[in-house]
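Lettering follows sequence order; numbering is per chain, from 1.
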Amino acid sequence: MRNPVGWAALTAFSLAFFAFIYAPLFVIIGYSFNSNPVNMMIWEHFTFDWYTGLLGLSDRTTDVSNRAAYVESTDQMLAALRTSLTVALFTTTISTVIGTATAIALARYRFRMRGFYNGFLMLPMMMPDIVLGIGLLIFFVTIGMKLSMLTIIIGHCTFLTSYVFIIVQARIAGIDPALEEASADLGASEWVTLRKVLLPQLTPGILGGALLAFVISMDDLVITYFISGTGDTTLPVFIFGMIRRGVKPEINAIATLIILASVVIAALGLWLRSRKTD
Amino acid sequence: MAVKRQSVVLGVLLAPVTLFLGVFFLLPLCIIALFSLLTPGLYGGVEWSFYHWNYGRIFGWADGINEIFEPIYLQILWRSLSFAALTVVLTLILCYPVAFWVSRLNDRWRLVFLFLITLPFFCSLIVRLYAWLLILKPTGLLNTILLWTGLISEPLEILYTPAAVVLGMVYVMIPFMFLPLYAAVDNLDRAQVEASMDLGANRIQTFLKVILPQTLPGILGGAVIVFIPSVGNFVVPDVLGGAKGLMIGNLVEQQFLSSRNWPFGSALSMIIMGVVLTVLMVSVTRARKVSGHA
């Protein structure tokens with residue numbers, strides 16, 4: 001690696017690699033400002049119309065039937081976004097509580113089934129989405145549970161609990177148990193020690209786990225696709241359906257907004273992590 | 001050490017996960033196993049009687065007829081395995097040099113590029129695949145550019161081919177390969193690399209004898225993490241693949257949402273689960289062996 005030619009070649013390869021990763025995202029962003037409504041691949045001129053239409057500020061379609069279809073799909077999309085946010089909020093809360101409790105139990109207690117739990121908690125993460133999705137579908141149908149937002153929330157929690165568990169467990173590994181021992185020696189009950197000594201030290205890890213759970217829940221497509229039924233749809237499932245039915249130009253604007261949101265969330269995650277190391 | 005007696009608190013901490021994953025994870029997996037052995041009903045649904053032809057069909061025999069051997073499902077299974085393996089190899093080839101490059105940057109730039117590699121992970125999978133749809137379409141960006149430069153005279157048919165599926169999978173799996181690889185490359189003992197060069201080994205020897213063995217755990221970890229979601233993937237082939245890019249995941253989806261043959265779909269899922277568990281078991285035993293050597 002010491003010779004400059006080799007290093008230059010490696011640098012060129014690496015920069016091309018990052019271009020490969022980011023080019024597709026910039027393609028979407030670019031096309032989201034293209035005014036051509038018929039063929040979005042042919043550049044007409046710059047416009048904000050897809051964004052204003054999406055946010056309900058304007059409507060460029062003129063004939064009545066077209067307009068009705070347009071408004072309907074925008075409404076459906078906003079409803080899907082609301083469902084996604086609601087589901088993500090509930091799943092984040094539930095999986096964070098369960099995952100954190102499990103991580104504490106496995107890190108601070110020695111019991112016979114500990115090894116089993118450690119392995120078992122990897123399984124929901126490693127199980128392919130499609131297997132988990134159809135398993136839950138058959139399960140809900142067999143026990144006669146109607147597919148709804150509740151089934152989506154349950155489905156997300158099954159694998160997100162494991163993600164939170166991993167993140168929190170990594171955090172606990174770096175915490176010296178001496179403080180907890182001191183607390184116990186000074187007469188605090190197990191429960192009080194846990195709440196007043198361990199949990200405050202764990203907060204960054206818990207927040208990190210919750211953020212990850214939120215992001216994955218917002219993005220989950222496969223499991224939701226199988227267990228969402230006909231009523232509630234989440235945003236990824238809605239976009240998936242849109243891609244299958246044929247693409248409309250406003251999808252570029254939605255996609256650009258999603259890219260923007262993910263940059264904000266990733267930056268937030270980075271900030272959380274940098275605070276952790278302080 | 002915080003070795004504590006088993007207590008009520010432990011019970012309270014473990015009860016939620018045990019109940020939740022027991023009911024909503026283990027039970028559904030058992031139900032798939034059960035359904036894969038039941039008779040498909042005429043109009044969707046199942047009849048509660050034992051039936052082994054769901055598996056027979058996967059391995060090439062049509063329902064109850066031993067004479068006709070038509071291994072179409074085996075072909076699709078083979079295709080899924082080879083696409084997943086190809087995805088592993090390609091992500092590895094792309095990520096390995098870049099992991100080296102990033103690990104040699106100064107602190108500030110290293111953080112910037114590590115952030116850039118994790119960023120797509122936060123970005124919606126379906127949005128990233130949709131971008132490739134825009135690029136690969138016959139009237140898409142790639143063809144527009146190639147036609148404009150005169151490199152080709154007719155639009156390339158890339159979309160809805162196996163190549164598009166593998167390209168899409170490589171694209172979405174890159175962060176999963178990169179991060180374990182980077183961790184291994186970053187922990188590389190540079191003194192050993194330099195010692196090897198000083199003692200007269202050439203670059204290739206140093207790579208094979210020093211660098212490769214030390215980064216092997218990262219390579220294997222990345223390979224497992226990329227292979228498992230790839231083999232059962234149905235979104236990528238659904239969006240970017242045509243009939244020739246059909247994978248076992250698409251087959252499962254069809255059985256549940258259009259053909260309504262749940263037992264056959266369950267049997268196919270059991271095959272996916274079998275592949276995944278085998279890969280996991282092999283990788284865990286290997287990892288134990290590798291760490292045993294160290």
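Taking 4.5 Å as the limit, every side-chain heavy atom of B:P28 sits out of range of all side-chain heavy atoms of A:F140. Looking only at side-chain heavy atoms (C-beta outward), A:V237 and B:I126 stay at 4.5 Å or farther from each other. With a 4.5 Å cut-off on side-chain heavy atoms, B:L277 and A:L123 count as touching. Residues A:V264 and B:F122 are not in side-chain contact: their nearest non-hydrogen atoms beyond the backbone lie 4.5 Å or more apart. Counting heavy atoms from C-beta on, the side chains of B:V224 and A:M126 come closer than 4.5 Å. Residues B:W101 and A:F13 form no side-chain contact, since every pair of their non-hydrogen atoms from C-beta on lies 4.5 Å or further apart. Annotation: side chain of A:I134 is not in contact with side chain of B:W262 (no heavy-atom distance under 4.5 Å). Using a 4.5 Å heavy-atom cutoff, the side chains of A:R244 and B:D238 are in contact.
Heavy-atom distances place no part of B:P229 under 4.5 Å from chain A, backbone and side chain included. Heavy-atom distances place both the backbone and the side chain of B:L125 under 4.5 Å from chain A. Looking at A:V131, the atoms closer than 4.5 Å to chain B (heavy atoms on both sides) sit in the backbone and in the side chain alike. Contacts of B:V276 with chain A are made by side-chain atoms alone, with heavy-atom separations under 4.5 Å and no backbone atom involved. Looking at A:L132, only its side chain comes within 4.5 Å of chain B, counting heavy atoms on both sides. Using a 4.5 Å cut-off between heavy atoms, A:T158 touches chain B through backbone and side chain atoms alike. Both the backbone and the side chain of B:V23 come within less than 4.5 Å of a heavy atom of chain A. Proximity to chain B (any heavy atom under 4.5 Å) is shown, for A:V97, by neither the backbone nor the side chain. For a residue to count as touching a neighbouring chain, one of its non-hydrogen atoms must lie under 4.5 Å from one of that chain's; by this rule A:F26 does not touch chain B. Using a 4.5 Å cut-off between heavy atoms, B:F24 touches chain A through backbone and side chain atoms alike. In this structure, chain B has heavy atoms under 4.5 Å from both the backbone and the side chain of A:I21. When heavy atoms are compared at a cutoff of 4.5 Å, A:L15 approaches chain B solely by way of its side chain, counted from C-beta outward. For A:L235, no part lies near chain B; criterion is any non-hydrogen pair under 4.5 Å. Both the backbone and the side chain of A:I259 come within less than 4.5 Å of a heavy atom in chain B. For B:L94, the parts lying near chain A are the backbone and the side chain together; criterion is any non-hydrogen pair under 4.5 Å. For a residue to count as touching a neighbouring chain, one of its non-hydrogen atoms must lie under 4.5 Å from one of that chain's; by this rule A:T142 touches chain B with the side chain only.
The distance from atom CG of B:L14 to atom OH of A:Y117, rounded to the nearest 0.5 Å, is 5.0 Å. From A:F120, atom CZ reaches atom CG of B:L21 across 5.0 Å, with rounding to the nearest 0.5 Å. Rounded to the nearest 0.5 Å, atoms CD (B:E253) and OH (A:Y225) are 3.5 Å apart. Remark: B:S124 OG to A:L257 CG distance equals 12.5 Å, nearest 0.5 Å. Taking CD1 of A:I239 as the reference point, atom CG of B:L129 lies at 11.5 Å (rounded to 0.5 Å). In this structure, the separation between CZ on B:F20 and SG on A:C157 is 4.5 Å, given to the nearest 0.5 Å.
Residue A:Y109 comes nearest to B:L13 through the heavy atom pair CE1-CD1, 3.9 Å, listed as atom of the first residue, atom of the second, then distance. Here the shortest heavy-atom pairing between B:Y171 and A:F20 reads CE1-O, 3.4 Å. Looking at every heavy atom in both residues, B:V127 comes nearest to A:I28 through O-CD1, 3.5 Å.
Comparing A:I265, A:L106, A:T102, A:D219 by how many heavy-atom pairs each has under 4.5 Å with chain B, the most go to A:D219. Most heavy-atom pairs under 4.5 Å with chain A, from the set B:V12, B:L26, B:V231: that is B:L26. Highest contact tally toward chain B, considering only A:A184, A:P124, A:P128, A:A255, is held by A:P124 [criterion: heavy-atom pairs under 4.5 Å]. Counting heavy-atom pairs closer than 4.5 Å to chain B, the top-ranked of the candidates A:T256, A:T161, A:V222 is A:V222. Contacts with chain A were tallied for B:L29, B:I174, B:L105; B:I174 has the most, counting heavy-atom pairs under 4.5 Å. By number of non-hydrogen pairs under 4.5 angstrom with chain A, the leading residue of B:G232, B:C123, B:S269 is B:C123. The candidate from B:I272, B:N233, B:V9 with the greatest count of non-hydrogen atom pairs under 4.5 Å with chain A is B:V9. Counting heavy-atom pairs under 4.5 Å between each of A:P236, A:G133, A:S162, A:A105 and chain B puts A:A105 at the top. For chain A, the option among B:L111, B:I117, B:T118 with the highest count of heavy-atom pairs below 4.5 Å is B:I117.
Under the 6.0 Å cut-off for aromatic ring centres, B:F115 and A:W271 do not qualify, their centroids lying 6.0 Å or more apart. For A:F159 and B:F25, the ring centers are positioned 6.0 Å apart or more. If you look at B:F35 and A:F139, their ring centroids are not closer than 6.0 Å.
Between B:F234 and A:F240, the angle of the ring planes goes over 60°, which puts this pair in the perpendicular group of the 30/60° scheme.
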| Do A:W191 and B:V8 pass the side-chain contact (heavy atoms from CB on, under 4.5 Å) test, and can you show the C-alpha distance, the side-chain angles, and the key distance before you say yes or no? | CA-CA 10 Å; A:W191 191 243; B:V8 182; over 6 Å; no

| request: May I have the step-by-step check of side-chain contact (heavy atoms from CB on, under 4.5 Å) for B:F113 and A:S14, ending in yes or no? | output: CA-CA 10 Å; B:F113 280 101; A:S14 304; over 6 Å; no

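Although no hydrogens or angles enter the test, the distance criterion places no donor-acceptor pair under 3.5 Å between the side chain of A:Y31 and the main chain of B:L134.
The 12-atom threshold is exceeded at CD1 of A:I143, counting heavy atoms of other residues, nucleotides or ligands nearer than 6.0 Å.
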